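In this text the structure is predicted, and so the values were computed from the model without any measurement. In what follows, every chain begins at residue 1, and chains take the letters A, B, ... in the order their sequences are listed.
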Amino acid sequence: MSNQNVMIPTVGKLVQVKDIAPEVKMFGIELTKGLDNGNSTYRPGQFAFISAFGSGEAPFGIASAVEPGGVLEFAVQRLGGVTTALHELAEGDSVGVRGPLGNWFPMDEFKGHNLLVVGGGIGSAPLRPVIQEVAANRSEYGDLSILMAARTPQHHLFLEDYPEWENIPDCNLHLTVDECDEDWKCEVGLVTDLLKITDPKPKDTIAIMCGPPIMIYYADKVLVEMGFSPEERYVTLEARMHCGVGKCGRCNLGETLVCVDGPVFSMDQVGEFLESYL
Amino acid sequence: MITKKIQEYASSLLADQVVDCVIGYEVGPRRTTRPIFVDQQADTDRLVWNQNCSHNLTVYLRQKLNDTEGRIGIVVKPCDSKTINVLGAENRIDRDRLHIIGIECEGILEGNVKQNADSGELQRRCLACDLTEPLDMDYMIGGSIERKNLPDNSTSNKLSRWLEKATADDRLEYWLSEFDRCIRCYACRQACPLCDCPTCLFEREDSIWTGSSATTKDNRSFHLGRAFHLAGRCIGCGECQRACPMDINLGELNRVLAREMEEQFHHRAGYTVELSPITTILGEGR
Amino acid sequence: MFEPKIIAFLCTWCSYTGADLAGTSRKSSPWNIRAIRTPCSGRVAPELIIKAFSEGADGVLVLGCHIGECHYDSGNHRTAKRIPLLSSLLTITGLEPERLRLDWVSASEGVRFSQIAQEFTETVRELGPCKWNAPDLFFATQPEIVEATETKVEVGS
Amino acid sequence: MDFISKKSLESWLASVAETKKLYAPVYTDGVLLYQQPNEIEDIVWDFSRPVQSAKEIIFPQSEKMLTIEKNGQNIQIIENLNNDISVIFGVRSCDARGCLVLDKLLVEAEPVDHYYKTRRENTALVGLACEEMGDTCFCTSVGGGPDNSEGLDVMLHRHQDGYLVEIVSSAGEELFNGIEFDRQDIAFNERRFEPEFVLPSQDLLKSSFDSEIWRSESERCLSCRICAYVCPTCRCFDVRDEPGASNNGTEIVERIRGWDSCSGEAYRRIAGGHNPREAKADRLRNRIYCKLHYTQEQSGMMACTGCGRCIDSCPVNIDITEIIGLILEGEPG
């Protein structure tokens, strides 16, 4: 490991480019040998740097459960220079990949527990592999509740997956939007409202949150009121970073580095810094 | 004593709730004069006036006006008041929310901020200063003083005169050596009260006109570009050069452009509430 | 013979068409000119000109519509003010002022374009290669430059 | 310790410069920096400290990491490691300590930063002990000292008309291999310095997180980056792709890393505009905590070496020692 320059990306090939929401595309990269940085696989919660050569690289949470030889999926919202360049790419184009990086959801520890998955907007992407993992090994986990929020119905990243998720045994899927048209059958309002409506019980339940900082902050407050202990509240954080391996220094929350100590944290690790993350 | 008068007046402004905060100068623990923000009457005795009050405090105005609801009191030297005119012309500040405390100024000394001892010489801009009192103010402390036309024997002036006569090659050599030292800390930009684009053109992620590396070439593009963006706006407070840890002769670029603005467009930045002619269309007869 | 590299920023509404006309009417234009088409001469920001010199141009030519004929009404007014100002800035930092030229060429002035292009190329050719882009050249001798500067200050005073 | 006269040292430096890149304190237009001297006589021997620390050479401000050659979908990635063999002469104890902090963060913490490691291994540090503490120096208060040879390969202590040579590492031994010393076995008495002030405890630092001082002290901050760039331990960087010259249809892209500073406004801003450290107070607090607390927790070494450069260079006189004083004042009881 130490003989390898971790800043060198491996060249990968885009095998799938799909529009999944306004300004959001799902990219699939063929997981050829060497793309996994010598690690056996990508785990739910981990991330990778994707290079659009010429525009730079940026970190993205993986959005699919990955098997060796499978396809690495990333949901990319067009926002800055790198993501704009990525959006201009098509199937067959080359990108650079550095990963897998960071820690992952301790899925083994979650086994036997109920899971409450709370996602908002583009931030819900890293939750997809968690849901896929649970679905694939359904008997090993308790009940699964999925709460997804987005600006409008079209902004829900995984509309295509929802029918499938609804059919997972012992799974509740709750959706909400900020604004909608008449066709929308689900809730309208913030994810915190949705939490109050569904009123999850903390007993034997692990809550996993991922989304914009402001959503995490308030959703966490609601969970605290409901009686979830810090060890039962997990979050994946995002921060501006340039190396992903603890060198560039900029993703710190206190002495914690999001890239190497995270991006998955339980609230007993980062609770006190949550305000400075806002 | 000007210091005393500033303290008293600031105190009354805060007591009468005319302003939320007074921006002025204080002397720090290392005997260094520096900016201070006073929002409580009890702290007004920290305010001072001396010949080391070099900072152009208007650099803080925009942020401070954003952060507060009320009015801001600010200690302003005659020269700094030009900045307020430019900021006003560009609609960057709301003049009505300012309470300008004008100060009689006999000139600021060279070399006061960095720890090196002051030379006792007046700054070059002060030798050339023609303002006896601020161009715009709400209250004046001290009387208008008489301006003497002082001879400019500064090293900086000698250098300017040499540069004017130098050959293109000599000029190039001189400036490459200057720009080579730049570490792109952007202190020049940050210290400039007029340089406050939300995202600097030279730092945009997609900027392809100037590289972000601290190479001589990119440094030069940055400094020339920045100087140009200030053409007709720079009032010559010299904060960029004073802030520069590498002592790059940035003031010279601004002086050259100011001279050209005066010669080509008869425009002197900040003397009136007027936009730089470079952003307006050609006048009649031109 | 030294063949200079010249970057010409041409306004699409006038001088670019003018250059076209020069070509179709078989007026010769020097091949040294690399034309870049811009929506207006007012778009030619100083950064572009500095960039051109930094990347190794020996001369930069900016051509726009005659005053009063700008497609956007006043775009060329800005050019008319900017370029002379930029010229003085580049001059004091070591560029020969002749290397940057601003002129006006309308869509019908193919002959004029050809003339200006030839004139400018000759001027730049006579000046020789531009040193603006050669920092390496000076680095090797840097400490001496410092000394030279200081002694020259004395002479100038 | 062995003694070497200044004259012998100068000829030694000249011989070093023949085979290696020699950096030493040299004035350019009145600014003292570690540079490659044209003549050995240009080297400055009496100085407090150069404006930039020795970090500038081992961890350069801008560094090409990769060259990417792009020809259609065919992509070649070339690693650019700098293999220059260098010697930095005149390194102060505080800067050497800074290198030790960088070692902890960039080499000892996995994975290794290859760019830093390569330069660090190929660079020998020849120290020059300070004869007196500068106005803004406080190395003795943060665990260092003007004589401290930690992190150096060789330390030179002023003695009469020359220097006592303290060989610290094998690399240092190699540098002086075969050099005839003018005198040998001279007793060296390490000088004793008392700390100028006591540092706040890690607990006190923790409890000062929500103190009012961060707002009041940061108010005059200009959000420039001087403090980080002159700091011998600040190592935050930014990575960018910049276009290089294309070559026969092959597009060349350079991936460059350059210093960045947490005091800059955009440091934590993410695409889309969210910025968790929009307030100057948060940024100043982060910087001071990084120096006094975070790095200590991460690596066991404090990231402030007491060089005082940030105090000297700050255009508005933000002073870390003053802030330390204010933290101590806030101590309960």
**Student:** Nearest heavy-atom pair of D:Ile226 and B:Ala243: which atoms, and what distance?
**Tutor:**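 For D:Ile226 versus B:Ala243, the nearest heavy atoms are CD1-O, 3.4 Å.
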
**Student:** Do D:Glu219 and B:Asp67 come close enough that some side-chain heavy atom pair is under 4.5 Å?
**Tutor:**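 In short, these two side chains do not touch, never coming nearer than 4.5 Å.
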
**Student:** So for B:Gln63, is it side chain, backbone, both, or neither that comes closer than 4.5 Å to the heavy atoms of chain D?
**Tutor:**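 It is the side chain, since no backbone atom gets that close.
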
**Student:** Is it true that D:Thr321 and B:Arg30 share a donor-acceptor pair across their side chains at a distance under 3.5 Å?
**Tutor:**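 On atom types as modelled, these side chains qualify, holding a pair under 3.5 Å.
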
**Student:** Within a strict 4.5 Å, meaning less than it, do heavy atoms of the B:Ile183 and D:Gln52 side chains meet?
**Tutor:**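 Yes. Closest side-chain heavy atoms under 4.5 Å.
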
**Student:** Can B:Lys217 and D:Glu242 be counted as an ion pair, charged N to O under 4.0 angstrom?
**Tutor:**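 Looking at D:Glu242 together with B:Lys217, the answer is no, because their closest N to O distance does not fall below 4.0 Å.
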
**Student:** Going by heavy atoms in the side chains, are D:Val316 and B:Tyr60 under 4.5 Å from each other?
**Tutor:**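 In short, these two side chains touch, coming nearer than 4.5 Å.
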
**Student:** Check whether any side-chain heavy atom of D:Arg225 sits under 4.5 Å from a side-chain heavy atom of B:Arg184, and report yes or no.
**Tutor:**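 D:Arg225 vs B:Arg184: side chains apart.
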
**Student:** Determine, step by step, whether D:Glu322 and B:Arg34 satisfy the salt bridge (Lys or Arg N to Asp or Glu O under 4.0 Å) criterion, reporting the C-alpha distance in whole Å, the side-chain angles of both residues, the deciding distance to 0.1 Å, and the verdict.
**Tutor:** CA-CA 14 Å; D:Glu322 185 186 349; B:Arg34 63 190 191 185; 2.8 Å; yes

**Student:** Is D:Thr28 close to B:Ser177 at the side-chain level, that is, under 4.5 Å between some pair of heavy atoms?
**Tutor:**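 Side-chain contact under 4.5 Å: yes.
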
**Student:** Tell me, do D:Asp29 and B:Asp247 make a side-chain contact under 4.5 Å, heavy atoms counted?
**Tutor:**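 D:Asp29 does not reach B:Asp247 side chain to side chain.
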
**Student:** Determine the minimum heavy-atom distance between B:Arg181 and D:Leu33, stating which atoms define it.
**Tutor:**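 That would be CD-CD1, 4.2 Å.
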
